[in-house]
Each structure stands twice: as C-alpha cells, then as structure tokens.
Colleague: 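My questions will all concern the structure given below.
A note on names: the letters A, B, ... follow the listed sequences, proteins ahead of strands, and every chain is numbered from 1. Worth knowing before you read on, the calculation uses all heavy atoms, side chains too, and leaves out hydrogens, waters and symmetry mates.
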Amino acid sequence: MLKLASWNVNSLKIRLEQVLDWMDKTNIDILALQETKTIDDNFPVAAFTERGYQLCFAGQKTFNGVAIISRQPLANIITDIPDLDDPQRRILASTIAGVRLINLYVPNGSEVNSEKYLYKLNWLEKVSAFIANELREHEHLAVVGDFNIAPEDCDVHDPAAWEGSVLVSPPEREAFARLLSYGLKDSFRLFPQEARQFSWWDYRALGFRRNRGLRIDHVLLTQSLVDCCLSSKIDKDARRAERPSDHAPVWVELDILP
DNA sequence: ATGGTGGTCTTACCA
C-alpha cells in the first residue's frame with residue numbers, strides 16, 4: 001500500500017507541526033506540498049529527515065513554493081520546464097518507487113482576463129505540453145496539487161454565483177479537460193462520493209463553517225495507477241484544526257509497494 | 001450581509 005497526498009499548506013513555517021502531526025496520523029508515504037512560502041535555505045529539512053523521509057523542494061521568498069516529502073528516494077527531479085521561463089516556484093517533478101510524480105501549484109488567476117489570468121492560461125498550456133511529454137516516457141504517472149480549477153459544477157458550492165468566475169471559467173476548465181484527454185483520470189471521481197465535498201474554503205465570511213467551498217485540489221492518475229487505486233479522499237478534518245490552511249489535504253491509496 | 005480572514009522579512013499584496 002502506498003499513500004500519496006497533496007496539500008496546499010499556505011506557509012509551511014506556520015503549519016509545520018500540523019503537517020508533521022498529519023503525516024504521523026495518516027502514515028503517508030509521499031506528500032506533495034504547495035505554497036510553502038519559504039526560501040530553500042529556510043526549509044525545515046531536519047523535521048522530515050528525522051522521521052525517515054527524504055525530500056526535494058523549490059521555494060522562493062514570500063510566495064508560492066513546492067515540495068515533495070517521501071519515504072522512498074527521489075530521482076530525476078525537475079523544477080523548470082521547456083518554454084516557460086518563470087521565476088515563480090510552482091513545479092516540482094520526481095520519480096519515486098517507479099511512479100513519476102508531478103506536483104503543481106497552478107496560478108490562481110485573480111480575475112478573468114486579468115494579467116494574472118492570462119499568465120495562468122499560458123502556464124497551463126506549457127505545463128500541459130510538459131505533461132504530455134512526460135506521459136510518453138512514464139507509464140505510472142500522477143499529477144497532483146492545487147490546480148486552482150473546479151472541474152465541474154458539482155465541485156462548486158454555488159455554481160450560479162460562481163459562473164464565469166476565475167477558478168471555474170470555461171478556458172480554465174478546458175485546460176483541465178485537456179489533461180484528462182491525455183488519459184489522466186480525476187481519482188476523486190473513480191469512487192462514489194458524498195455530494196458537496198470541497199478541498200478549499202475561503203477564510204472569509206465563515207466559508208468553512210457554511211461549507212462554501214470549491215474542489216480545486218486534485219490527484220490525477222494514469223490508467224495503470226487507476227487500476228490499483230483503492231480510494232481517493234479529502235481530509236476535511238485537517239481544515240477543522242486551530243489555525244488551519246484554507247485547503248484540506250487530498251490523498252489516494254494505491255495498491256502497490258512503496 | 002457585496003462584507004469578511006489569513007499569510008508575508010507586511011503597513012500592500014496575494015489568495
């Protein structure tokens with residue numbers, strides 16, 4: 001059994017104890033983090049290596065930042081991709097236990113047609129091309145992270161209120177669908193799920209208490225991993241913690257040896 | 001109820 005998780009922690013410095021507690025509780029094998037918000041020199045390496053994990057990370061000051069924490073060795077690490085000269089640290093890929101893992105912190109996009117939105121769409125285009133290329137080389141591949149896209153209306157607490165907005169706009173959903181067209185599957189939808197399950201809730205206006213959320217954090221799997229995927233869940237409990245991230249962790253159990 | 005909270009080498013910005 002291999003447990004693979006993704007979590008936007010919104011500052012690893014603030015959330016380190018929560019992350020360590022959650023890893024202990026769930027006995028996770030591989031954890032992909034987004035929004036670590038720390039430069040590499042300040043990454044809390046020892047906290048993870050003391051627990052028997054290995055890690056890789058790509059950070060910057062104040063914003064963004066991605067990391068992969070793994071019980072197994074991390075090979076073939078990539079932080080930058082062709083045709084995207086981007087100082088923002090949002091991409092981290094590594095091969096672990098025969099699985100190619102691509103960890104993404106997709107840009108938020110701010111508002112439809114804003115400069116940040118256009119950056120998001122271009123970023124998604126270049127990353128899609130990179131993933132298409134990776135799929136040619138790796139049979140067992142997972143794309144995980146904060147996609148900042150709610151793929152379907154059932155992933156949105158109030159689809160009418162959100163219609164056309166950033167995170168749900170048709171061009172963003174088309175970019176997500178393009179990944180599925182490569183044969184990747186949204187692991188969450190492989191299983192029967194209760195309605196109104198989300199992975200992110202705005203800190204403001206009692207968003208979590210009222211379950212006014214979106215499902216924007218995803219684990220996409222190639223068919224070979226779908227075939228051994230036993231479950232796909234969102235751990236809403238982590239969002240109930242004191243001083244939580246605005247995102248909950250999402251994770252899959254794969255019936256392969258770690 | 002068109003606001004609100006939380007994070008950052010903050011006093012503006014990002015989400």
Colleague: Say you pick atom C1' in B:dC13 and the same atom in B:dC9; how far apart are they, in whole Å?
Modeller: 14 Å
Colleague: Base, backbone or nothing for each nucleotide of nucleotides 9-14 of chain B, written B, S, -, heavy atoms under 4.0 angstrom, 5' to 3'?
Modeller: S----S
Colleague: Taking side-chain contact (heavy atoms from CB on, under 4.5 Å) as the definition, give me every residue that meets it alongside A:Asp255, ordered by chain and number, with sequence neighbours left out.
Modeller: A:Cys228, A:Leu230
Colleague: Near DNA chain B, counting only heavy atoms under 4.0 Å, which residues of residues 243-251 of chain A show up?
Modeller: A:Arg243
Colleague: Name the residue closer to the 5' end of DNA chain B, choosing between A:Gly109 and A:Asn10 according to the nucleotide with the nearest heavy atom.
Modeller: A:Asn10
Colleague: Taking A:Asn103 for the side chain and A:Gln34 for the main chain, is one N or O donor matched with an acceptor at less than 3.5 Å?
Modeller: no
Colleague: CD1 of A:Ile14 versus P of B:dA15: gap in Å, rounded?
Modeller: 18 Å
Colleague: With A:Glu139, which residues qualify under side-chain contact (heavy atoms from CB on, under 4.5 Å), at least two apart?
Modeller: A:Ser224
Colleague: Quick test of your reading of the model: are A:Asp155 and A:Arg189 salt-bridged, counting only N-O distances below 4.0 Å?
Modeller: yes
Colleague: Testing A:Val143, A:Leu225, A:Val144 for side chain to side chain contact (heavy atoms under 4.5 Å, CB included) with A:Val219, which one passes?
Modeller: A:Val144
Colleague: Within this structure, what is the CG-to-P distance between A:Asn64 and B:dG7, rounded to whole angstrom?
Modeller: 17 Å
Colleague: Rounded to the nearest angstrom, tell me the gap between atom CD in A:Gln34 and atom C1' in B:dA15.
Modeller: 14 Å
Colleague: Among Ile, Leu, Val, Met, Phe, Trp and Tyr joined by side-chain contacts under 4.5 Å, find the other residues sharing a cluster with A:Leu206 and list them by chain and number.
Modeller: none
Colleague: Go through the side-chain N and O atoms of A:Lys37 and A:Asn10 and say whether any donor and acceptor fall under 3.5 Å apart.
Modeller: yes
Colleague: Can you run through DNA chain B from 5' to 3' and write each base as (, ), [, ], | or . depending on how it pairs? Watson-Crick or G-U wobble, both distances under 3.5 Å.
Modeller: ....((((...))))
Colleague: Can you tell me how far P in B:dT2 sits from the matching atom in B:dG7, rounded to whole Å?
Modeller: 26 Å
Colleague: Got a sec, which pairs hit ring pair (Phe, Tyr, Trp, His ring centres under 6.0 Å) with one end in residues 164-188 of chain A, sequence neighbours left out?
Modeller: A:Phe147-A:Phe176, A:Phe176-A:His218
Colleague: Looking only at atom C1', what distance separates B:dG6 and B:dT11, rounded to whole Å?
Modeller: 16 Å
Colleague: If you find the nucleotide of DNA chain B closest to A:Glu35 and the one closest to A:Asp202, which residue's nucleotide is nearer the 5' end?
Modeller: A:Asp202
Colleague: Measure the distance from OH on A:Tyr117 to C1' on B:dA15 and round it to the nearest whole Å.
Modeller: 17 Å
Colleague: Could you work out the separation of B:dT8 and B:dG3 based on their P atoms and round it to a whole Å?
Modeller: 27 Å
Colleague: Would you say A:Trp22 and A:Asp235 are linked by a side-chain donor-acceptor pair, where the criterion is simply a distance under 3.5 Å?
Modeller: yes
Colleague: Name all pairs fulfilling the ring pair (Phe, Tyr, Trp, His ring centres under 6.0 Å) condition that reach into residues 76-95 of chain A, sequence neighbours left out, sorted by first residue then second.
Modeller: none
Colleague: Which residue pairs pass the salt bridge (charged side-chain N to carboxylate O under 4.0 Å, His left out) test when at least one of the two sits in residues 58-71 of chain A, sequence neighbours left out?
Modeller: A:Asp29-A:Arg71
Colleague: Can you check the distance between B:dG4 and B:dC14, where both ends of the measurement are the C1' atom (answer in whole Å)?
Modeller: 16 Å
Colleague: Do the side chain of A:Thr95 and the main chain of A:Asn76 share a donor and acceptor less than 3.5 angstrom apart?
Modeller: no
Colleague: So which residues get pulled into A:Phe198's cluster when ILVMFWY side chains under 4.5 Å apart are joined, directly or through others?
Modeller: A:Trp201, A:Phe208
Colleague: Please work out which residues in residues 204-213 of chain A have a non-hydrogen atom less than 4.0 Å from an atom of DNA chain B and list them by number.
Modeller: A:Arg204, A:Ala205, A:Arg210
Colleague: B:dA15 C1' sits how many Å from A:Arg15 CZ, rounded?
Modeller: 12 Å
Colleague: Going by ring pair (Phe, Tyr, Trp, His ring centres under 6.0 Å), name the residues that satisfy it together with A:Phe43, two or more places apart in sequence or in a different chain.
Modeller: A:Phe57
